[in-house]
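What follows is one structure encoded as structure tokens, with my remarks underneath.
What you see is a predicted model, and the numbers here were worked out from it, not measured in a lab. In the text below, chain A, chain B and the rest are named by the order of the sequence lines, each starting its count at 1.
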Protein chains: 2
Amino acid sequence: MEAGLAGRSMKKSESTLHDVARRVGVSPRTVSRVVNGESGFSEATAERVQAAIEELGYRPNLLARSLITKRSNTIGLIGVSLTDPFFPEVAEGVQREASELGLTMFFATTDDEPDRLTAALDTMISRAVDGIIAFPVQADASPLVKAADDGVNLVIVHPAEPLPGINSISSDLKAGAIAAVEHLQTTGRSRIAYLGTSTRSPNKRATGYIAAVEGEPRIVTTAPTAEGGLAGTREILKRWPDIDAVFAYNDIMALAAIQVLNESGRAVPNDVAVVGFDNIELSSYVSPPLTTMDMDHVTLGAKSVRLLHSLIENPGKEPEQIVHPVTLQVRRST
Amino acid sequence: MEAGLAGRSMKKSESTLHDVARRVGVSPRTVSRVVNGESGFSEATAERVQAAIEELGYRPNLLARSLITKRSNTIGLIGVSLTDPFFPEVAEGVQREASELGLTMFFATTDDEPDRLTAALDTMISRAVDGIIAFPVQADASPLVKAADDGVNLVIVHPAEPLPGINSISSDLKAGAIAAVEHLQTTGRSRIAYLGTSTRSPNKRATGYIAAVEGEPRIVTTAPTAEGGLAGTREILKRWPDIDAVFAYNDIMALAAIQVLNESGRAVPNDVAVVGFDNIELSSYVSPPLTTMDMDHVTLGAKSVRLLHSLIENPGKEPEQIVHPVTLQVRRST
DNA sequence: GCATCTCGCGTCAACGTTGACGTAGTAGGG
DNA sequence: CCCTACTACGTCAACGTTGACGCGAGATGC
């Protein structure tokens, strides 16, 4: 209501509980009760306090609140890089679920450098996060293990190796591989090759393939890249020219396989069916669109928040290792 | 050194400056000085303090520190969704630069809902961020304007419309369009059509095209989607069958254009050259790989952090509108 | 009519840190 | 020998909030 040169950039000096209290003529403690919806105040005071809050543009200072309550309602998310194809999806799921649960999210990436992982953990812990979700990929997980031992609420998404005693959530890769092979079998394929990779020793996809395939497994291992896929597929055709299906370790390799199969005069899917793994975006754009296994990273992220939340709410809860199903995405390559 | 049932999950009770101080036999204030690298302590005490910090696993409580210093060394990043094709790149650039500057990042998405934008701003401000970067896309920017008026350090990336008095950073779309057209001209094309869209009124790309093209502009506007691209390109061919180049509003439309051109018996790039805009990932995988304009979102994100940082360090700094260049990515479609 | 309870507050201390200021002891200058 | 300056601390209050507790007034129970 004041005349003059108001407007423009009035840097509103943050007001506090005390300012509101003074305005209304009650104690700060009473304002605090109203703000937090506790009991112990009359309807009339509540209204006057609310009015004063509006007028002053009061916002609670969550730092001060957290300092005393020992709860910040924040969680941290640590990943490798947003240029990784899956991490944005995981982060999206984390963000959605966190927002749903009223949690604010810290975010950091490590580029798989152990020092940066340690640094990210340190700052987040120093900022009193209630818990941390990590999607560490290849990196050395020992800083994470140490944090968990220190009592930090921690959930690891897709740990590279099993970490007993630590909360984690992984995709059911073996079941996914079995589903892929079974899909090929039910669509009439019987000579199914596995275009695999040997980078990690106990490869769950390979295990699933071996469990599901009938007769002698046809396995070639190579690098998990486009080049590896090209070479590996040629090797497969040389060793078993009569195959009628290829199950690949990932979509990039599957696309390479399609290319080699076409070059060799085999039509996909008529002569040879191809199933990939990962459901990268590209796989729905190529011709023929690729049948593949989808890990549903968004849901994976959301689930990891729910797990973390249950840790926060139930201190001393026993660690849990959740497996998340992988679903078949049927397109035109099978 | 203690025997017994130690190990396992020793929830290390957070230690404070007081604990360290007691251990060393100095005052907390002295420990604080050592931790912050201030002056006023001897080399000997510093060493003993450091040792005690190690032993106790002391971490400064950044909430308490921020509460009193009024600086949190945190910034917030608000975007629409990580499923948006560009936001992860912006976020990656923001994260890298923030990490470089010692800033911790809050993160939130809005799905273009104004209420969620307001909510994200509110919590971040309540958590005393030093500044906020927003990548709002279509949403109503008024909550952002209000925040800026309240004195929040704010940088908007790619504001939908110019917001005078507010710090922003945008891609130089007009210059990009000019560069695209000039590239076509220098490679010998003279009858260049623009496959545009009419969603936003003063379209910078259209302006650039009109400025650079020689003779009468050939413009068709349609929806900025694959379907729009198909229909628009057919319209172009009907009206100007003799065109030798198409400049599209975005890559999706450019890819649709290539498809229609091929169907009409025109070879790309031999008969007609095509330039897109955005440099989406897909554009390097298609055949022929698409020549397009790259907005370099990672650098854009990094620059926005530097701008925000300068705001934080220089209170009262005049608002700045930065334009970031768009670069030509030549591939095989031209 | 008195004890008891509940409501609607207020008071005080504490969370872990740093800013402002004080001070004992030593060094150096004249 | 005194004054000044500096070093190496310590003390105290404050940041904005909430937990623990206290207390008077009115309602309720018997």
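- The nucleotide whose nearest atom lies closest to any side-chain atom of A:H18 is, among D:dT17, C:dT17, D:dT18, D:dT17.
- In this structure, B:T45 reaches the sugar-phosphate backbone alone: every heavy-atom distance under 4.0 Å involves primed, P, OP1 or OP2 atoms, never a base.
- Nearest nucleotide to the side chain of A:R29, out of C:dT17, C:dG10, D:dG10: C:dG10.
- Checking D:dA8, D:dT17, D:dT18 against every side-chain atom of A:Y58, the shortest atom distance belongs to D:dT17.
- Side-chain contact, A:T299 with A:H324: no donor N or O sits under 3.5 Å from an acceptor N or O.
- Separating the CG atom of A:N61 from the P atom of D:dT18 is a distance of 10 Å, rounded to the nearest angstrom.
- Checking C:dT11, D:dT17, C:dG16 against the side-chain heavy atoms of A:T16 singles out D:dT17 as nearest.
- With rounding to whole Å, A:N36 atom CG is found 17 Å from C:dG8 atom P.
- Phosphate proximity of C:dT18 to B:S32: present, with a side-chain N or O under 4.0 Å from OP1 or OP2.
- Set against C:dC9, D:dT11, D:dT18, the side chain of B:S27 has D:dT11 as its closest nucleotide.
- Going from atom CG of A:L67 over to atom P of C:dG16 covers 7 Å, rounded to whole Å.
- Atom pair A:I68:CD1 and D:dC15:P shows a separation of 15 Å (rounding to whole Å applied).
- We find that A:E100 and A:R96 are not joined by a salt bridge, their nearest charged nitrogen and carboxylate oxygen being 4.0 Å or further apart.
- Salt bridge present: B:R22 and B:D19 bring a charged side-chain N and a carboxylate O closer than 4.0 Å.
- For the pair B:L62 CG and C:dC15 C1', the interatomic distance rounds to 15 Å; values are reported in whole Å.
- The ring pair (Phe, Tyr, Trp, His ring centres under 6.0 Å) check on A:F41 picks up nothing, with sequence neighbours excluded.
- A donor N or O paired with an acceptor N or O is found under 3.5 Å between the base of C:dG10 and the side-chain atoms of A:R33.
- A sub-4.0 Å separation between OP1 or OP2 of D:dT18 and a side-chain N or O of A:R65 is present.
- In terms of phosphate contacts, A:K70 brings a side-chain nitrogen or oxygen within less than 4.0 Å of OP1 or OP2 of C:dG16.
- Taking a cutoff of 4.0 Å between a charged side-chain nitrogen and a carboxylate oxygen, A:E38 and A:R29 qualify as a salt bridge.
- When rounded to the nearest whole Å, the span between CZ of B:R22 and C1' of D:dG10 equals 16 Å.
- Contact annotation: B:T69 does not reach the phosphate of C:dG19 (side-chain N/O to OP1 or OP2, under 4.0 Å).
- The base of D:dG16 does not come close enough to the side chain of A:R59 for any donor and acceptor atom to sit less than 3.5 Å apart.
- Nucleic acid contact class of A:P28 (heavy atoms, under 4.0 Å, all strands): none.
- Atom-to-atom, CZ of B:R71 to P of C:dG19 comes out at 12 Å; the value is rounded to the nearest Å.
- Distance CG (B:L17) to C1' (D:dT11): 15 Å, rounded to an integer number of Å.
- Ion pairing between a basic and an acidic side chain is recognised when a charged N comes within 4.0 Å of a carboxylate O; A:E313 and A:R71 show such pairing.
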